[in-house]
Amino acid sequence: MQPASSLPLGQPRSAGSPSFVRAGFLGGNEFGLIVLIVVFATLFTLATKGFASPFNLFTLGRTMGIDILIGFSMMVVIVSGGLNLAVGAIGVCAVMAAGWAMETFGLPWPLGLAVCLLVGAALGAVNGEAIVRSGVHSFIITLATMSIFFGGMVFLSRAEAFRELPPAIAAFGKLRLMGFLSPLLLVAVATALVLGWLYRFTSLGRRMLAAGASPKAAEVSGIRVDRTIVGCHILSGVLAALAGAMLTARHGAAIPSMAGHLGQDWLLPAFLAPVLGGTLLTGGKVSVLGTLLGAMLVSMLTNGLLLLRVGEFWVQAFLGLLLLTAVLLDLGRRRLLARHRIAV
Amino acid sequence: MQSMLGKAANTDWFGPLVVVIAAVVVIGAIEPTFLSAFNIQVLLSAIAVNLVIALAQMIIIAIGQMNLSVGAIGGLVAIAFAGMMEVWGIPAPLALVLALAIGLAGGLANGFIVAKTGISAFIITLASLSFFKGLNLGITEAQPFYGVPDAVKAFGNTNMIGPIPWLVLPAAIAGLGIWYLLAKLRIGRQILAVGGNPHAAELSGISIFQTTVWAHGLSGLLAALGGVMVVARLQIGQPSIGDDWLILSFAAPVIGGAVLAGGHVSVAGTALGVVVVAIITQSLVLFHIDPFVVQVVLGALILWAVGINRWREVRVERRLRGAS
């Protein structure tokens with residue numbers, strides 16, 4: 001039963017008629033993001049010298065690939081109505097474990113990557129189990145585990161980086177396709193396709209969305225909500241580990257401080273991308289394309305502002321304002337659409 | 001007597017108090033320097049600063065929200081406080097007032113946006129965290145301000161009476177003030193009512209908008225006080241002040257029995273939570289254990305505390321069900 005105030009007064013128009021499908025897309029996040037990306041890309045190309053140079057496009061693509069993965073690692077838990085503050089800590093822990101395994105046992109890089117993803121999955125499973133079993137909100141559990149994972153990793157590694165990794169890893173990070181394209185961006189796009197397929201065509205993905213939209217209704221219709229939430233956290237761990245692996249390829253080394261103190265540096269990009277992309281924080285609605293575009297916009301703005309010599313310190317203040325503007329615009333858009341009685 | 005003990009065992013502060021007494025006795029017996037005047041002074045300084053930080057978060061937990069920007073406000077205020085004195089030569093008392101005003105303004109801005117838009121405080125304060133931190137780094141370019149007057153340095157590093165440092169004074173005032181506010185004042189009762197059940201609070205005529213704005217303003221003010229106290233203690237305006245406040249600010253209220261859904265917090269419990277954290281941190285140093293283990297212990301403490309709180313809730317529920 002909806003509260004009376006939110007019910008439209010007149011005859012509700014069908015949201016399925018062709019003109020409103022179009023209005024839905026044109027008024028949607030994805031379209032707005034595409035417009036913003038095009039506008040800013042044009043501005044930066046005109047205003048700066050190096051923006052459209054092959055080398056800048058290459059470095060921009062690398063950063064985009066990593067930011068997209070970080071955004072996905074948060075998106076997959078937001079879908080379930082929770083969040084994961086430990087994404088940065090998991091990402092760093094996973095690559096440090098893989099770095100240790102590769103240096104100590106001389107593992108080749110595919111096995112190293114497997115170790116990395118497995119550790120990410122395991123740490124994600126720890127988060128998920130702790131949340132489901134305790135019944136405590138994921139915010140406080142992942143706040144605690146972020147401290148535990150990161151502290152444990154620094155203690156075990158003595159805060160020293162692994163720099164003697166197989167040369168193929170650094171080579172992958174330096175690889176340029178057609179002179180300007182980084183394979184890291186392709187990895188991100190491939191991940192996006194897999195996630196899009198997961199949410200659209202598999203029952204697991206549908207269960208994740210249902211568990212986020214309404215846990216009680218999902219439980220009643222036979223979904224094991226607990227298991228599904230653990231699944232979301234495992235997926236988040238794997239994606240965070242993959243983001244860490246990509247960052248390692250860019251640096252050519254596994255460095256404990258590459259996500260900042262406790263991995264906090266990942267938090268802002270992790271939330272920016274899904275929120276800009278229209279993933280609901282309350283769960284149940286996801287936009288993989290939106291997250292991808294959101295992360296692309298953020299990396300592009302950062303890159304462009306740096307080229308404009310805004311100063312790297314001010315960029316952070318700007319990104320904060322961007323997040324604020326984005327949520328306010330989104331709110332305004334939703335109110336406007338609600339006034340015109342268009343379902344979103 | 002039995003029933004009094006039973007009643008005490010059900011309060012928020014009882015568990016942490018037992019832990020504190022046991023820890024002091026055991027650690028004091030193993031390592032007598034733990035109870036030396038110097039160590040007590042170090043311990044009290046840390047407790048004083050951390051209590052103010054924890055209260056800044058506790059007041060927001062009370063209305064059922066969270067404030068990720070506590071550390072960023074504290075850091076911005078810290079460098080503004082030191083910077084005003086170094087660059088403009090503003091006298092310390094005036095700089096203090098201006099610094100607290102900055103914190104208050106930052107908090108009020110958080111509260112205004114959260115209350116006006118209805119967007120989750122998590123997202124708003126994540127955005128303002130980034131904004132305040134960016135301002136901090138933009139102003140300082142990551143370089144500290146060194147020109148802190150001697151009077152301020154002395155305040156952060158000398159003792160009032162015996163081993164009790166001056167820093168305890170503002171912390172005690174803040175603690176008592178918040179306790180009085182929550183227990184006796186109208187706005188305090190309104191904060192707890194909104195945290196407990198916003199819908200019922202609104203129906204009984206409480207303005208959720210005003211309550212949220214004031215709670216966030218208070219949080220900003222306390223974060224600012226924390227930032228100023230850290231400057232006095234460190235004797236420089238370090239841009240990295242506040243970076244490590246996040247975990248701590250949640251750990252102490254949660255150990256003290258705060259309900260994260262809102263409506264139930266305890267100043268005494270939070271203070272004891274701060275003491276527990278300080279004793280553990282300090283004894284790790286005394287026993288020459290790797291300082292990075294502190295992170296692991298802090299995280300484990302939070303998990304332990306939410307576990308205990310959860311267990312108490314389940315017990316109360318079961319008793320209520322048994323009674324009905």
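Note on naming: letters A, B, ... go to the chains in the order of the sequence lines (proteins, then strands), and numbering restarts at 1 for each one.
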So, the part of A:V275 with a heavy atom under 4.5 Å from chain B: the answer is side chain

Answer yes if the ring centres of B:F131 and A:F318 are under 6.0 angstrom apart, and no otherwise. no

* Without hydrogens or angle criteria, can the side chains of A:T145 and A:N127 be said to hold a donor-acceptor pair below 3.5 Å? -> yes

Interface check, chain B: of A:A317, A:A144, A:G152, most non-hydrogen pairs under 4.5 Å belong to A:A317

If one checks every heavy atom of A:L322 against chain B at 4.5 Å, the contacting part turns out to be neither

Whatever's closer than 4.5 Å to a heavy atom in chain B on A:H137 counts as neither

- Task: For the pair A:S80 (side chain) and A:V77 (backbone), establish whether a donor and an acceptor sit closer than 3.5 Å, ignoring hydrogens and angles.
- Result: yes

Okay, B:L135 and chain A: the region with an atom under 4.5 Å from a heavy atom over there is both

Next item on the list: Please confirm whether the backbone N or O of B:Q57 pairs with a side-chain atom of B:S219, one donor and one acceptor, at under 3.5 Å?
Entry: no

Only one of A:L143, A:I148, A:I140 passes side chain to side chain contact (heavy atoms under 4.5 Å, CB included) with B:L303, and that residue is A:I148

Honestly, the part of B:L68 sitting under 4.5 Å from a heavy atom of chain A is side chain

If one checks every heavy atom of B:T117 against chain A at 4.5 Å, the contacting part turns out to be both

Cut-off 4.5 Å, heavy atoms of chain A, and the answer for B:L129 is neither

Turns out that what part of B:A142 lies under 4.5 Å from chain A's heavy atoms comes down to both

Whatever's closer than 4.5 Å to a heavy atom in chain B on A:R133 counts as neither

If you tally heavy-atom pairs under 4.5 Å between each of A:L319, A:L267, A:L85, A:L262 and chain B, the highest tally belongs to A:L262

Cut-off 4.5 Å, heavy atoms of chain A, and the answer for B:V254 is side chain

query = Looking only at side chains, do A:H233 and A:E129 share a donor and an acceptor under 3.5 Å apart?
reply = no

When B:V277, B:V49, B:V70 are each screened for side chain to side chain contact (heavy atoms under 4.5 Å, CB included) with B:L248, the one that passes is B:V277

Given the options B:I247, B:L301, B:V294, A:S147 meets side chain to side chain contact (heavy atoms under 4.5 Å, CB included) only with B:I247

Cut-off 4.5 Å, heavy atoms of chain B, and the answer for A:L272 is neither

Cut-off 4.5 Å, heavy atoms of chain A, and the answer for B:F122 is side chain

Under 3.5 Å, is there a donor-acceptor pair between the B:T125 and B:N110 side chains? no

